[in-house]
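Worksheet: one structure, shown below.
Values reported hereafter were calculated over all heavy atoms of this structure, with side chains retained and with hydrogens, waters and symmetry mates removed.
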Amino acid sequence: MLSEAYLNVYTKGKALIYVEDQSDVSFWKSLFDKCSLGYKIFSVSKAPEALANGKNELIKLIPNLHSRLYIAIDSDLDFICKNRKPLIHQNIINNPHVLHTYVYNRENHEYSVFHTNECINKIFYTLIIENNFNSFITVYSEIAFKILCFTTFLIDNGIRFRAKNFNKYLVFKSNDFFYNSLAFENLAIKNLEELNNFILNNFIEVYESNELISHANYLNELGINIENAYQYINGHLLEKTILKFLKEYKCFLKHHEISEAESIYPEGKPRNQELNKITNHFDEKCSIPTLINSQGINWNCHIVNQIYADIMLLTKNHQSSI
C-alpha cells in the first residue's frame, strides 16, 4: 500500500508526508500551505504507546520513500554529531525524500526569541514593565552552547556521560522564581556558574583540550554560536523554560495591574468592573501556549527558509514526476 503506483492512484497525484506525531502536523502544514500544492500530512504514530518512538517509526519508512511518499523528521543532533549511528545518519541526511527541522525539533522554532517577544507584547494590558527576557535568553543561550559543545564532543568521541547531568542546567525548579520581591532574578547566571564548576570538576581534560576548541569552531561553521545555541538544544527543555518564564511574567504583570486599579478606582462597581477586565485579560485571553502557537511561522528566520527551500525542491521533483 506504500508503493508509488498505488499511492499515485489512491491520492490522485498528491504526495503523503508523514511526521512524528499529531502535534507536528500543524507546524509542517503551515510550511507546506505556502507552496499551495497538493500534499496530505499524517502522523506516523497513532497509538499513545508509539508517540515516544515517532522518529524510529519514520526511519522504518525510509526504504519505502519515493516521489509520492516523504517524511518530515526532527533533526535532534543529526546535523551536529558526525559519528552518531553513521549508517542511519547517512540514510537520513542524504535522502531527498526526507525533510528536516535542522534544529532539534519544532519546539525550537515555536519558542524562539522572536515568538517569545511577540507573546510578551500580547500579554501587556495597560502597564508596560521591563521583562528582561533578552538578558535572560542571552545567558541561557550561553549555557546551551557550552552544553551543546561538550555533549556533542563527548558523543563523537565515545566518552560516556549522563545527559541529565548537563540538561539540569537548562531547566529550573518550580520554586525558582524569575520574579522575586518585585525584582528580576537572573537564575541563568547562577546555572551558568554551576555548569562551569561541574565541567571543571568532571571533564577538566576535555575542557583544556585543543580538540574541544576545534569542535567549538566546527559548531560555528555549522552556524551554531552562543547567540542562537538555545535553538539547538532539546526543544522540550526550551519549551519548559520559556513557558515558566512567560507564566511568571504574566503573574507579575497581573499583580501590578490589580494594585494599580485598586489605587485608582474607589471601592464599588467601577473598581470591580476593572478588576474583572484585568482577570479576564490575563486568565482568559492570555493563555501562554495559545499565544505561542498563534504566532505561526517566522518567515524571517534563515532556518525556516532553509526548510522551505527543501520543500520547494521536493515540490519541483514531485511535479516533474506527475
Side-chain angles (χ1 to χ4, degrees), residues 107-145 169-195 226-231 233 235-301:
E107 284 83 358
N108 298 95
H109 290 292
E110 294 173 343
Y111 290 87
S112 66
V113 168
F114 173 82
H115 284 145
T116 303
N117 279 319
E118 288 290 303
C119 183
I120 287 171
N121 290 335
K122 292 183 179 181
I123 294 174
F124 291 132
Y125 184 62
T126 63
L127 300 177
I128 298 178
I129 303 174
E130 177 58 47
N131 57 77
N132 292 302
F133 173 70
N134 289 332
S135 63
F136 167 78
I137 200 66
T138 296
V139 182
Y140 188 80
S141 196
E142 187 176 347
I143 297 172
F145 183 79
Y169 300 107
L170 290 167
V171 296
F172 300 89
K173 300 174 184 176
S174 59
N175 60 349
D176 285 337
F177 295 106
F178 292 108
Y179 299 94
N180 188 25
S181 302
L182 305 182
F184 177 79
E185 181 181 348
N186 198 338
L187 293 170
I189 293 176
K190 175 173 170 286
N191 277 18
L192 179 60
E193 292 172 350
E194 291 180 356
L195 171 63
I226 290 177
E227 287 75 28
N228 65 16
Y230 77 94
Q231 283 197 275
I233 61 170
H236 302 297
L237 300 180
L238 177 67
E239 177 184 34
K240 185 176 181 179
T241 295
I242 299 300
L243 282 177
K244 176 176 172 59
F245 185 99
L246 290 172
K247 288 177 179 178
E248 289 190 13
Y249 184 58
K250 185 176 80 167
C251 289
F252 181 72
L253 285 177
K254 181 181 177 182
H255 170 78
H256 277 273
E257 290 285 359
I258 290 174
S259 297
E260 182 78 2
E262 289 176 341
S263 69
I264 294 174
Y265 295 92
E267 288 188 19
K269 189 174 181 179
R271 176 190 285 185
N272 292 337
Q273 287 178 334
E274 184 59 25
L275 292 179
N276 286 336
K277 288 180 182 178
I278 292 171
T279 300
N280 180 62
H281 173 77
F282 286 102
D283 294 353
E284 301 296 330
K285 296 181 180 179
C286 291
S287 163
I288 300 301
T290 300
L291 287 178
I292 286 290
N293 293 333
S294 67
Q295 300 301 321
I297 300 294
N298 176 18
W299 292 104
N300 292 320
C301 174

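- Between I143 atom CD1 and L195 atom CG the span is 7.0 Å, to the nearest 0.5 Å.
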Could you walk me through whether L238 and L170 pass the side-chain contact (heavy atoms from CB on, under 4.5 Å) check? CA-CA 8 Å; L238 177 67; L170 290 167; over 6 Å; no
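- A distance of 12.0 Å separates SG in C286 from CD1 in I120, rounded to the nearest 0.5 Å.
- Sorted by first and then second residue, the salt bridge (Lys or Arg N to Asp or Glu O under 4.0 Å) pairs involving residues 271-281 (not counting sequence neighbours) form an empty list.
- Not a single salt bridge (charged side-chain N to carboxylate O under 4.0 Å, His left out) links E260 to another residue, sequence neighbours left out.
- When the side-chain hydrogen bond (donor to acceptor under 3.5 Å, both in side chains) test is applied to T279, no partner is found at least two apart in sequence or on another chain.
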Begin from the C-alpha positions of I242 and I137 and carry the test side-chain contact (heavy atoms from CB on, under 4.5 Å) through to its verdict. CA-CA 9 Å; I242 299 300; I137 200 66; 4.2 Å; yes
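- Residues satisfying the side-chain hydrogen bond (donor to acceptor under 3.5 Å, both in side chains) criterion with E257, sequence neighbours excluded, are T126.
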Taking it one step at a time, do N298 and H109 satisfy side-chain contact (heavy atoms from CB on, under 4.5 Å)? CA-CA 8 Å; N298 176 18; H109 290 292; over 6 Å; no
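- Evaluation of the salt bridge (Lys or Arg N to Asp or Glu O under 4.0 Å) test over residues 278-295, restricted to residues two or more places apart or in two chains, returns K254-D283.
- With sequence neighbours excluded, the residues that form a side chain to side chain contact (heavy atoms under 4.5 Å, CB included) with E193 are I189.
- Take E142 and apply the side-chain hydrogen bond (donor to acceptor under 3.5 Å, both in side chains) test, not counting sequence neighbours, and it matches no residue.
- Among residues at least two apart or in separate chains, ring pair (Phe, Tyr, Trp, His ring centres under 6.0 Å) pairs with a member in residues 261-296 are Y125-H281.
- The ring of H115 has its center no closer than 6.0 angstrom to the ring center of Y111.
- With sequence neighbours excluded, the residues satisfying ring pair (Phe, Tyr, Trp, His ring centres under 6.0 Å) with Y249 are Y179.
- Counting only residues at least two apart or in different chains, salt bridge (Lys or Arg N to Asp or Glu O under 4.0 Å) contacts with residues 236-251 comprise K244-E248.
- For Q231, there are no side-chain hydrogen bond (donor to acceptor under 3.5 Å, both in side chains) partners two or more places apart in sequence or in a different chain.
- Not a single ring pair (Phe, Tyr, Trp, His ring centres under 6.0 Å) links Y230 to another residue, sequence neighbours left out.
- The OG atom of S141 sits 8.0 Å away from the CD1 atom of I226 when rounded to the nearest 0.5 Å.
- Classified by interplanar angle (parallel below 30°, tilted 30° to 60°, perpendicular above 60°), the ring pair F178/F172 is perpendicular.
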